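Just so you know, residue 1 is the first one in the sequence shown, and it goes up from there. Quick caveat, the model's predicted, so the values are computed rather than measured.
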Amino acid sequence: MAHSKNRATDGKITYPPGVKEISDKISKEEMVRRLKMVVKTFMDMDQDSEEEKELYLNLALHLASDFFLKHPDKDVRLLVACCLADIFRIYAPEAPYTSPDKLKDIFMFITRQLKGLEDTKSAQFNRYFYLLENIAWVKSYNICFELEDSNEIFTQLYRTLFQVINNGHNQKVHMHMVDLMSSIVCEGDSVSQELLDTVLVNLVPAHKNLNKQAYDLAKALLKRTAQAIEPYITNFFNQVLMLGKTSVSDLSEHVFDLILELYNIDSHLLLSVLPQLEFKLKSNDNDERLQVVKLLAKMFGAKDSELASQNKPLWQCYLGRFNDIHVPVRLECVKFASHCLMNHPDLAKDLTEYLKVRSHDPEEAIRHDVIVSIVTASKKDLSLVNDHLLNFVRERTLDKRWRVRKEAMMGLAQIYKKYALQAEAGKEAAKQISWIKDKLLHIYYQNSIDDRLLVERIFAQYLVPHNLETTERMKCLYYLYATLDGNAVKALNEMWKCQNMLRHHVKDLLDLIKQPKSDSYSKAVFSKVMVITRNLPDPGKTQDFVKKLAQVLEEDEKIRKQLETLVSPSCSCKQAEVCVKEITKKLGSPKQPSNPFLEMVKFLLERIAPVHIDTESISALIKQVNKSIEGTADDEDEGVPTEQAIRAGLELLKVLSFTHPVSFHSAETFESLLGCLKMDDEKVAEAALQIFKNTGSKLEESFPHIKSVLLPVLQHKAKKCPPRQAKYAIHCIHAMFSNRDTHFAQIFEPLHKSLDTDNMEQLITPLTTLGHLAMLAPEQFAAPLKSLVANFIVKDLLMNDRIPGKKTTKLWVTDDEVSPETLAKIQGLKLMVRWLLGVKNNQSKSGNSTLRMLTAILSSDGDLTEQGKMGKPDMSRLRLAAGCAVLRLAQEPCYHEIITLEQYQLCALVINDECYQVRQAFAQKLQKGLCRLRLPLEYLAVFTLCAKDPVKERRAHARQCLVKNINLRREYLKQHAAVSEKLISLLPEYVVPYAIHLLVHDPDYVKVQDIEQLKDIKEALWFVLEILMAKNENNSHAFIRKMVENIKQTKDGQCPDDPKINEKLYTVCDVAMNIVISKSTTYSLESPKDPVLPARYFTQPDKNFSNTKNYLPPEMKSFFTPGKPKAANVLGAVNKPLSATGKLQTKLSRMETTSNASSNSNPSSPGRSKGRLVSQIMSKVDYRNKVLHNALYRSPSETEKPSRGRKRGAAANQDDKGLESKPKRGRKKAANTSTDDAKDQWGEDSSMVEATLETEDEQNSPPKRGRRGRPPKSAASKDETPSKGRRGRKKTAPPADEENEEEQEEEEDDEDDAGSENMEVKPKGRRGRKPSGGRSRAAAKQEEESEEEMDIAQQSEDEEDESMDSSPKVSFLSPETLIVMENQVRR
């Protein structure tokens, strides 16, 4: 209900008079007593009691919490179920629960309680009867129709009712059961085969004799629902009897028994089953059926034929031949479809379902012809085909076979050009197929180079035809870009970047060819040839052709000059066309019509030729933007709001300024951009500044009159405009003007002198500007910057809280709600970091001081002064800023060296922050640094801490990040064999020691032998080991095993003399060893290399010490389930949007009290395997113990062959985590992270209050939580209380090219603050939808059902027709990185 959410936000639960709070803190008996009073209250309420409904809404929500739904006491569960049933009655027709997952949990819970009806002599039977009567009368289960899992809910309900019915039940129980089940059939959209089987199985004689009451119940249900259920029964018999498909149901072998029973119950149920089928169409002779099909195809397809309407049985029988066993028969039917669609549009509905099935046909030719038939009809008249038919073509763009994909993509492109560009059928038709452009561009994220090349060709020929006149072409591009969805825009940008990169590679090859020949020349040419080859189809064959092309370029100067012109930045579109024609003409041969070499050259030329963008095109595009600004464009006619068109146009120009900067070099273009700088729209001005920065390198000398006007504008923006504009203005001056020092001084001095903490709003822009000046010109302002940082930033700004923050329980607010003081402090932190990044050395020890300051912020929860003035959202912002600042500094080697292990661990804990948005944004920053290979490998281990994040999407995102980084590093090592000396910093397996060390020092790991804590350690290790062990490349399993063994022979490098820490280290090593042993069959082989352990983290091994002790408690053995790790097929998934925006959450949900039960990274992981019998372990326990003993107790040098064929052991069920309060996290505080040291290092005298954890009133603060949503560690000692965790999140943004990385990073830093309204305020969020495998789950299910209508000896469609992933894989990788990963992706 729309109002429910608003009323529930206060979180206050009102209980009926006389009822006290119901929580886990009261006894079971007291809870039952209070619940009975609640039941009585709800029982007495009716639907008209609006005030009471309003009053008890939060109580209704509270009763649906996991605490009650999973309560161990059956009396509590029964009373809660009765309450929930009454709640559905009172609040009908709209339930107060809006989450699909929650509704599913509730109804599955109620269904389980109905099992109590079985015991009619039970003292609680009347309550069970009341529950049944209530839900039957209200028809509560009808709410589930809209749920994805409705079939599962209904099936479980039917099974339960048929199981509990017995002769002890009276007629009322029987009647209510029939009422309840019949409403689902009669009022639902469909009856699944599984649900139908649940009813029909009771008619089978064996079941009938076993439970006569269940038979009577099924009989009454079928009589009541005869009309509604008849189509599904008919479909069942048609598939089993007529098509011979026995796999459609487990009841197929009882088909004749069922027919008899159903006929006796109600003959109308079989009206469509009994008629005799046409003989010829069911002939056993393939050729005979084919001839009949051809004849009927002509008869039905004739233009004026009415045979289909006159003889519907024959028509339907003919349609059945679409599913014929004989391939030519099905092929003939599919070819007939286009004539039928064009001549008989009224039959399109009949054909749709059959064409849908055939679009998934195992035969490639049939799938291909389905596409041809639909596209042919569409091109004749779009109204002849419905959206479903076009959707079949859409699905086939992801077909397994290239021929089918190509036909589908080209067909959609032709339809789009005809009806969207040429508008042959009007605006409505154009709107109907507007999705085509997005879908085609999404395919650019597929792994196949053929798909990507075809997308580029389609873009050039159909989406924005290159042969259009320049003005018209740019108008087409302008409005296309403005109407694309986000993923399609990123795909188009990526396409231009890849083409531009390939142009540079070809240009490099041409430059190499001009050089004198030498040994290095040959190697350089070969290397460049290999790079170009990877950008063309079939690299194996193409390599020889590219070599041949290089040889031709050496010998033929004319072709070389033409190619040089083509790749020149100043090449116009017309010149490009001429060059392409000349080169292909020169290389072509009339005597050789099929020339593979020429085809390869055409592919290459097609990718590098600038057929869309040149100086004239940019000028036309600028004019189009100006028209929108002036209000004279056709924006509204094109269906684009003017403001959206202007922004999209500037974004388009910004992208093109990266790939075609020379094309912007015209006075007209720069003057238009100057006009954009003066607009009020901040986004427009920002885009214009970025375009100037990218294209203005020669502006000073070529356009002095533009410079004289632009410079004052830039200086003004650097001083007075919003922070992002100020930042871009500084970078523009740095990139465009030669005497930048003078200009920087003119900006720096007045800003430096005007800094004043009395007006925080006016402080943000100056700090941003000074920060970027400090990064770009650190030497120029060395002295004032040091004084600025020490005296103003640290002493005046960071060490003082002037304005008390708002008292709120929220952990995060949008940007416009963040206090100016907090924003200023964040910019102050960024200024310090940018200054250090500019200096790039730690000679003045400023890096140490800054790191101590940052870790002091983290250890004080963001409240550096610890005066309690700051609000929780402000503290979250500062924690995020401090954590990200440490990550930025860690990317510089000089600062990475001085980050202590305590500081590293404190930074890592930010990924477990209590605030969802902090966790989110920090993880994205961490991922960016790792993907660029800028952050050291130990930071990859930070993702292991996400294993127990309470939010599923955060765990999934962390896993995807691990997959992406591991694959990236492996591919990098394959492509750069010479970096073997840096193996310890690149080889992904070396993340294991860092992960072990991080988990050893995890504040949640308190008691060394605690089973629950060890299970958490195991899950965290498996989180990363599962991905590392998915592929046993170069015997990596043995390498990991050897590495763990070596660690066990060392001591902790951080606390070498602490026996408890060392015991933790050895215990975690044993956990890791058990995982490797249980998941690998090759762990005992010889390690390919002797691992090198990081010296900072572990001491040198003592040669006189051999640690063979097993530190794990015996109970842990059962938690290591044997089994091979599943391959991590998540390539590219990390780059796509992780979730839909969540709904606004209540107070409790905002605190992320999500259950972590069964939430491990993979269904095969130890913690996810549930319900295994203990006997399965015990049968092999002696054998398993022997294997584990041999592996754990041998010396590191010993190796032993593993035993194979071990049975899976039992895994422990995860206990559900309730919505209980968690302890606040206290971070470890090293001595050098105190704020006193931070101030002293900056030369300050004032002292700070020691770090303390405030005890907050529960009514005014969020519930305290242990990190990763764990319950309080009851077994922990008082002095070892687990500390509080934090969480956060920020949407991903596309990365910059390598040459603009640092600048782009600065832009992304500001986006964290300036764009957080785009951040999902979604602590819990809805469950993320899994990427579809080429089609939706429902579509796949319907396909399977339809496929079974074929008379085929069932070929598995999974073997014949695996579709590619239909989700757009939005890649934020640079083109170079994409190419590095290409081989892995293709595999």
Side-chain angles (χ1 to χ4, degrees), residues 470-471 474-475 477-479 481-482 493 496 569-570 612-633 635 642-738 740 743 1296 1300 1303-1304 1307:
T470 302
T471 303
M474 288 300 100
K475 180 180 178 181
L477 176 61
Y478 179 67
Y479 288 114
Y481 201 86
N493 297 345
W496 281 325
S570 59
H612 282 106
I613 305 301
D614 57 10
T615 303
E616 184 183 357
S617 300
I618 294 297
S619 178
L621 189 56
I622 289 281
K623 290 178 181 177
Q624 186 66 44
V625 175
N626 286 336
K627 284 184 180 179
S628 293
I629 294 173
E630 296 164 1
T632 59
D635 298 337
T642 300
E643 184 178 348
Q644 177 183 333
I646 296 171
R647 286 193 177 189
L650 267 295
E651 285 296 318
L652 172 59
L653 287 168
K654 183 176 73 175
V655 172
L656 294 176
S657 69
F658 281 104
T659 56
H660 301 79
V662 177
S663 299
F664 284 76
H665 290 178
S666 71
E668 184 181 15
T669 297
F670 286 131
E671 287 171 359
S672 297
L673 291 173
L674 268 174
C676 293
L677 285 180
K678 299 173 183 177
M679 292 182 63
D680 294 333
D681 192 318
E682 291 184 15
K683 295 291 184 183
V684 172
E686 289 172 15
L689 285 168
Q690 289 176 279
I691 295 169
F692 268 118
K693 177 179 69 69
N694 296 333
T695 63
S697 57
K698 297 183 180 179
L699 182 143
E700 189 174 26
E701 57 187 54
S702 302
F703 306 96
H705 64 289
I706 300 290
K707 173 204 168 183
S708 60
V709 179
L710 177 61
L711 183 58
V713 175
L714 295 178
Q715 290 176 332
H716 171 74
K717 287 191 174 294
K719 296 175 184 177
K720 301 292 184 183
C721 287
R724 288 171 63 80
Q725 292 188 40
K727 178 187 76 169
Y728 294 134
I730 293 297
H731 284 274
C732 278
I733 294 173
H734 183 263
M736 297 166 62
F737 301 119
S738 56
R740 59 179 69 92
H743 302 317
N1300 297 310
E1303 201 171 300
Q1304 288 277 350
E1307 177 180 343

Could you walk me through whether Cys676 and Ile646 pass the side-chain contact (heavy atoms from CB on, under 4.5 Å) test, one step at a time?
-> CA-CA 10 Å; Cys676 293; Ile646 296 171; over 6 Å; no
Scan Ile691, Asn694, Asn493 and name whichever one has a side-chain contact (heavy atoms from CB on, under 4.5 Å) with Phe658.
->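 Exactly one candidate clears the test, Asn694.
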Under the salt bridge (charged side-chain N to carboxylate O under 4.0 Å, His left out) test, which residues partner Glu668, sequence neighbours left out?
->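 If we apply the salt bridge (charged side-chain N to carboxylate O under 4.0 Å, His left out) test to Glu668, skipping adjacent residues, the hits are Lys623.
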Do the side chains of [Y] and [X] get nearer than 4.5 Å, heavy atoms only?
X	Y	answer
Leu711	His743	yes
Glu682	Arg724	no
Thr470	Ser619	no
Leu677	Leu710	yes
Phe692	Leu714	no
His660	His612	no

Quick check for you: to the nearest 0.5 Å, what is the distance between [X] atom [atom1] and [Y] atom [atom2]?
X	Y	atom1	atom2	answer
Lys707	Phe737	NZ	CZ	6.5 Å
Leu477	Ser617	CG	OG	9.0 Å
Tyr481	Leu621	OH	CG	10.5 Å
Leu652	Met474	CG	CE	8.0 Å
Asn626	Glu671	CG	CD	10.5 Å
His731	Met736	NE2	CE	14.0 Å

Taking all atoms of both residues into account, what is the closest heavy-atom pair of [X] and [Y], and its distance?
X	Y	answer
Ala729	Ala718	CB-N, 4.0 Å
Ser708	Pro712	O-CD, 3.1 Å
Leu650	Ala687	CB-CB, 3.6 Å
Val625	Leu653	CG2-CD1, 4.2 Å

Are Ile613 and Thr659 close enough, and set up right, to give a side-chain contact (heavy atoms from CB on, under 4.5 Å), and what steps lead you there?
-> CA-CA 10 Å; Ile613 305 301; Thr659 56; over 6 Å; no
I would like to know whether Tyr479 and Gln624 meet side-chain contact (heavy atoms from CB on, under 4.5 Å); could you show each step before the answer?
-> CA-CA 10 Å; Tyr479 288 114; Gln624 186 66 44; 3.4 Å; yes
I'd like to know if the side chain of [X] reaches the main chain of [Y], judged simply by a donor and an acceptor atom lying under 3.5 Å from each other, with no hydrogens or angles considered.
X	Y	result
Tyr478	Ala645	yes
Gln644	Ala482	yes
His665	Thr695	yes

Lys475, NZ: over 12 other non-hydrogen atoms inside 6.0 angstrom |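 Enclosed.
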Would Lys654 and Glu651 pass as an ion pair if we require N to O under 4.0 Å?
->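 Between Glu651 and Lys654 there is a salt bridge, with a charged N closer than 4.0 Å to a carboxylate O.
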Look at Arg647 together with Glu643 and state whether they make a salt bridge at an N to O cut-off of under 4.0 Å.
->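 So Arg647 pairs with Glu643 through a salt bridge.
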According to the interplanar angle, ranging from 0 to 90°, do the rings of Phe670 and Phe703 count as parallel (below 30°), tilted (30 to 60°) or perpendicular (above 60°)?
->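 The rings of Phe670 and Phe703 stand perpendicular, inter-plane angle above 60°.
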Who are the side chain to side chain donor-acceptor pair (under 3.5 Å) partners of Thr632, not counting sequence neighbours?
->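 With neighbours one apart ignored, the set is empty.
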